Structure formats: C-alpha cells, structure tokens
K.L.:
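My questions will all concern the structure given below.
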Amino acid sequence: MDSFWTHCLRHFQSAIPAQQFKTWIQPLNAEFDGKTVHIAAPNRFVLEWVRDKYLGDIQRLSSEYLDKNVGINMTLATRQVQPPSPAAQSSTAPAKPRDREKSRLNPLFTFDTFVTGKANQLARAAALQVTEHLGSAYNPLFVYGGVGLGKTHLIQAIGNAVRDRQPDAKIRYIHAEQYVSDVVRAYQHKAFDGFKKYYHSLDLLLIDDIQFFSRKNRTQEEFFYLFNALTEAHRQVIITCDTYPKEISGMEDRLVSRFGWGLTVAIEPPELEMRVAILLKKGEMERMDLPEDVAFFIANHIQSNVRELEGALKRILAYARFTNAPITVELAREALKDLLAVQTRQISLENIQKCVADYYKIKVSEMYSKKRSRTIARPRQMAMALAKELTSMSLPDIGEGFGGRDHTTVLHACRKINELRASNTDINRDFDSLLQTLRG
Amino acid sequence: MRQMALSLAPAPAPTLRNFVHGRNAELMSLLSALANGARAERFVYIWGVRGCGKTHLLRAMGAAFAEHNVATAVFTGGELQVDIPQCEVILADDVDQLTESDQERLFNVYNKQRDGGGVLIAAGAVPPARLELRNDLVTRLGWGLVYQVHTLSDEEKMAAMIEHARARGFSLNREVIDYLLKRQARDLPGLLGMLDALDRYSLESKRAVTIPLVRELLSEPPAEG
C-alpha cells in the first residue's frame, strides 16, 4: 500500500502547486485492505475538497497502479491524542508515513528548494558533505546565524536527503525546547531509561536552536551524554544556534568545546541578488508568474530575513488574487503599503500639535492661545482636523486640548479644512504631508 | 417609578457578518475563506490600534469554526493555557503582551500548527516587525499573511452603530448618531458600548432613544429653547 500511496503522492506533488499539495494531499492517510483504498482526511473540509477535486485522479491512479478497479473509501480520521513519549508518534505524512512522522522532518525542506548564495554557500556545501559521509565528515555540524535565514531548512534538507539515501536510518529532528520538555517529562515519569534508549539509538540527530539549553543544567547534562554516545558511535549530530558556540551564554564549557569539534559554519543574511532568487524560487513553487522587477522591488524593501520576505510575497499574491490583477510593481507597492509605512505609534494630540506647529513655524503654545489671526488659526484648524483623522478622541476632548475650545469649533475647523483641501492644492498638500509625517 | 430592565439582551455576538468591513475587504474575504475551509494560507496575523476590531474578528472566527465543528482554542488577554490542546485552529489575541513563558508556548504552538497542518490566527497592536517579543516568534508571525485592520471612517462607524442597534432591537436615528459622534470618544467599542447603555436606559425609562434621552444618560442639561 505504501508504494501505491507513494505513487499517488509523487503524482500530486508534480501535478499540483506545492501549497495545495501541502494543504490537501499531504495530511491524508491511506490504507489498502485488498479491495478498497481507505483514505482518511483530518477534517471534513479536506475530505470534501479531496472528494470533489482529486478523487477522480486517485481512482484513475489506483486502477492503473493496482491493475484493477478498486473501491475508494473516504473517511474522517479520528483525532490523535498527544503521544506520551517521543518514540510513539502518530502518522500523517507522505512517503513512509510512520518514519516521516517519527523523524519530524518536513518533506518540503529539501536541498532543491534551498536557494544558495554567498550568504549560505559554505553551509550548504558542508551540509552536502555531511549527507554523503554521515557521521564521519564533520561531527557535529554546527550551523549558526540569525532567525529566519534558513538554518532549519538546511538541516532538515540533510535529514530528508539522508532518508532518501538510507531509508532505514533512524533520524530525528527536534527543536531544543522540545528536547528540554522531553527531559522534564522523563523526570516526571521517572522514564530516563526509555528516554536514553530512544535518543541513543538515533543515526542522525538534528537539534535546532541549541541556545535554548541556556541555564538548563539537567538538560545540558543529558545532552552531554547523548552527544558523547552518538559521536563515539560515529552517528551524526547536527546543531543550529543563533550564535557562534563560544558566544552562547549559560552553556557548560565542556559542551561548548564539543560543539567546536566538527565544523562550524555561518549563515549570513541574504544579499539583494539572493533575496531576489529566493522570491523567484518561491513564486515558481507557487506556480505564480513573478516578474523580476517585482522581486527586486520586494527584495529592496525587505532586507532583514527570509521569513519576512516570504510573508511579503504571500501578501502580494493574495492581493493580486483578490483584485484579480496582474502582479506589477504598482500592485506590489499597494499590497505592501501597510507593511512599508508602518504606523505603530498611537498618535497623541501633543504629537500632532508639535508636528503642525513645526511645519508652519509657529510656537506650540499658539495652538492653545486665543489668537485668531489667520497665520495662527489656520495651522490650529489643520491640527484639529488631523486630530479627528488620526485619533479616536471625542470632539469635546480635542477642543479641550486646544485651549478649552468648544466641540463646535473643532467641527467647524474640520469642515473648513475639508473645503480648503478641495479648493486649494497647497492646503491639500500640507494636509497629506503632515498626515504622512505623523503616521511615520 | 423606573422599570428595571432584565438582562435579557446580551450584546450581539461578534460574527464575520456583523463586522462592518470598511477598508478591510481583502482581509474579510481571506477570513471568510478560512472559515469555510480554505487552507491555502494557514497563518494570519492581524494588527491595528485599540478598538479597530481585532478581538471581534478573532471571536467571530472562533464562532465560525465552531459552526463547522473545527476544533478551535482561543487564547486571550496574553494568557496561554499550560496544556495546549490539539486543535486544528488556534486563535491568539493580544500577542504583544505575552510573557516570556507564553511566548515560548506560542512558539511551540506555531511549530505544531505548521507541521500538523493547523491554522493560527494571531492579533496584536503592532505589526510583526515592531513586536517586542523573541525574534524567532516575531519572524514566524510575519511569515504568513499580515494584515492591518483599518479603523472605520465616521460614515462606516455610523453603519456599524445602526447595525448594532438593529441587532439589539431598537432603531437609531441619524441625529442621535451625530450627537454621539460629536461628543463621545470615537472608537467603535466605546460607541457600541454607549449604545448598549442607551438601550438599557431606554428600556428602564420606557422611552425611545432620542437626544434628550442621551443627554439624560450622560447627565447633561437639556438644550435651551
């Protein structure tokens, strides 16, 4: 059955966009009892969707592959309860479902989908070496770099590649915090024997964000023994961290020095060209036609990390779909408007008064003075109109903030500015530019 | 003698339908699609100033998922339960206020939802890049679809108030709305809260919702003439 389902998964993986595969096909579980293929979906949306869109394909594939017209039965999967130990896991993933789930590898994190550039080429080369010479090339492989730069992707790519080469290898990906929880649980249930037996039996341990071991002494002790046991047996250990080993705080020296035994490689933030390449690759995976100038536009504006880059791309795709418009730089600018001109401060009345006073080169105190000359009154009206636009304050409160004026004065100011904006381009420009300055 | 109103009329429950869209049409279409089972994007972060409707939207999503029997857990007020239930959908409100240990839990929830095909909809006061939380959580929240919830214009607030009054079973005339908009704090929860108070007061005093009634409730002297 595994092979038929694997065949199905391969078909869908190449036939439909990655996101759809991930959403609809990957969560399915299939079993064949000789007559019928039983497909379990995690919820009724997935069930109905798959029945509508993909059942025909599955039927066709089954009659081709199993050489007879087998029945297909779609059911809802019963909900899985949190497994008590790391060794007993549920099965939901493709290929060899149980192994995949046990390893906790995300099948989409592969070397194929990992975009390489100057920032990560050394790390990638080291990762490939480790894949080919498991346990003997560099042990441990220590990958460090800031968040959202692809450390997890890279080490999971090693896991997936090793799985393909050695299907029987025992692999486990774990986030450091999860490992800490496992230690705590072993403590609570006095189950250290089972804990050790499981972890010490691994051929490849991928442990993510090791900085979370900081000041967790019992965890560090357990990990120290695990590390020694695995490396002595030439089993591979791969570690990621947000910093260079010697910089990790709250970590025992004996661990820090061991982290440096193999190879330590950095992943740097991606340079512009690499950011563009990442976006184009993502677009390709989503089967979207992403023009290069749009990729450059995004990459120019978002420089910090890959996740933010991908988030921006998603937003643009969603906006294009929503407006049913082609993806252009103009559309990208519109879609990312909120993100690029981030308005975070709650704007206060004082803020507005100061900003407007500076703009018109009058004193802030004149905002609440009784003076009525136009050079003072107009900026004051402008500030009142901006206060109505930018705050949720009541009109009486706004009036109060301008030297105890009545709310009808505020109302008049707002109307006046609105009229002037329609008839006077200077006033309109002043208003817009003040609005922009205040929104930051 | 004043008639005491029975507490029979709770404020209308937040739904996607009773949220006045304003400039949030794209977000609303995404949320409706999610509520109806679409899973093209499973991670959504919404942000905006206080009173813009984030909590309304999260609660509305909770109700919509419950209607479809989708297991949903809601975390509000910056508190996360110790045992995160295995739910297809997690709704997390006020993430900007998470304590250090709650951040760790949300981080784990995020990873669990990502690996297990679940959904996470989170809301905070500021966009991801400005969240003062641990960096690996911040970048994850910014990894999905991020939307600003835009506040409503006065006209849209008016529509929201009329709808709210209608759901409570009384009609609201334009003068009353104008009066409230000109004299009260103009954030929507404040305005709707005022309508709830007015509704109750009008039931107790057996009088229609009019400007004199509003003045009385606000203890203002009646207008001259």
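Quantities reported herein were computed from a predicted structural model and do not represent experimental measurements.
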K.L.:
Got a sec, which pairs hit salt bridge (Lys or Arg N to Asp or Glu O under 4.0 Å) with one end in residues 133-142 of chain B, sequence neighbours left out?
P.N.:
A:E177-B:R134, B:R134-B:D136
K.L.:
Rounded to the nearest 0.5 Å, what separation is found between the NZ atom of B:K112 and the NE2 atom of A:H175?
P.N.:
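Answer rounded to 0.5 Å: 14.0 Å.
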K.L.:
Hey, what do you get for CG (B:L145) to CG (A:L317), rounding to the nearest 0.5 Å?
P.N.:
9.0 Å
K.L.:
CG/B:D187 to OG/A:S394 distance, rounded to the nearest 0.5 angstrom?
P.N.:
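B:D187 CG to A:S394 OG: 10.5 Å, rounded to 0.5 Å.
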K.L.:
How many angstroms lie between CG in A:N305 and CG in B:N135, if you round to the nearest 0.5 Å?
P.N.:
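The distance works out to 7.5 Å.
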K.L.:
We want to know whether B:H150 and A:D338 form a side-chain donor-acceptor pair, criterion being a heavy-atom distance below 3.5 angstrom.
P.N.:
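B:H150 vs A:D338: donor-acceptor pair found between side chains.
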K.L.:
Which pair of heavy atoms, one from B:L181 and one from A:L395, lies closest together, and at what distance?
P.N.:
O-CG, 4.1 Å
K.L.:
Judged by atom type as modelled, is there a donor-acceptor pair below 3.5 Å linking the side chain of A:K314 to the main-chain atoms of B:W143?
P.N.:
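A pair under 3.5 Å: yes.
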K.L.:
Would you call A:F212 and B:E104 a side-chain contact if the rule is heavy atoms closer than 4.5 Å?
P.N.:
no
K.L.:
Does any N or O in the side chain of B:R186 come within less than 3.5 Å of the main-chain N or O of A:K388, such that one atom is a donor and the other an acceptor?
P.N.:
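Yes; judged by distance alone, with no hydrogens or angles, the pair exists.
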K.L.:
For B:L191, is it the side chain, the backbone, both or neither that has a heavy atom under 4.5 Å from a heavy atom of chain A?
P.N.:
neither
K.L.:
Contact part of B:F107 toward chain A, heavy-atom cut-off under 4.5 Å: side chain, backbone, both or neither?
P.N.:
side chain
K.L.:
Show the nearest heavy-atom pair for residues B:K182 and A:P396, with the distance to one decimal.
P.N.:
O-CD, 2.9 Å
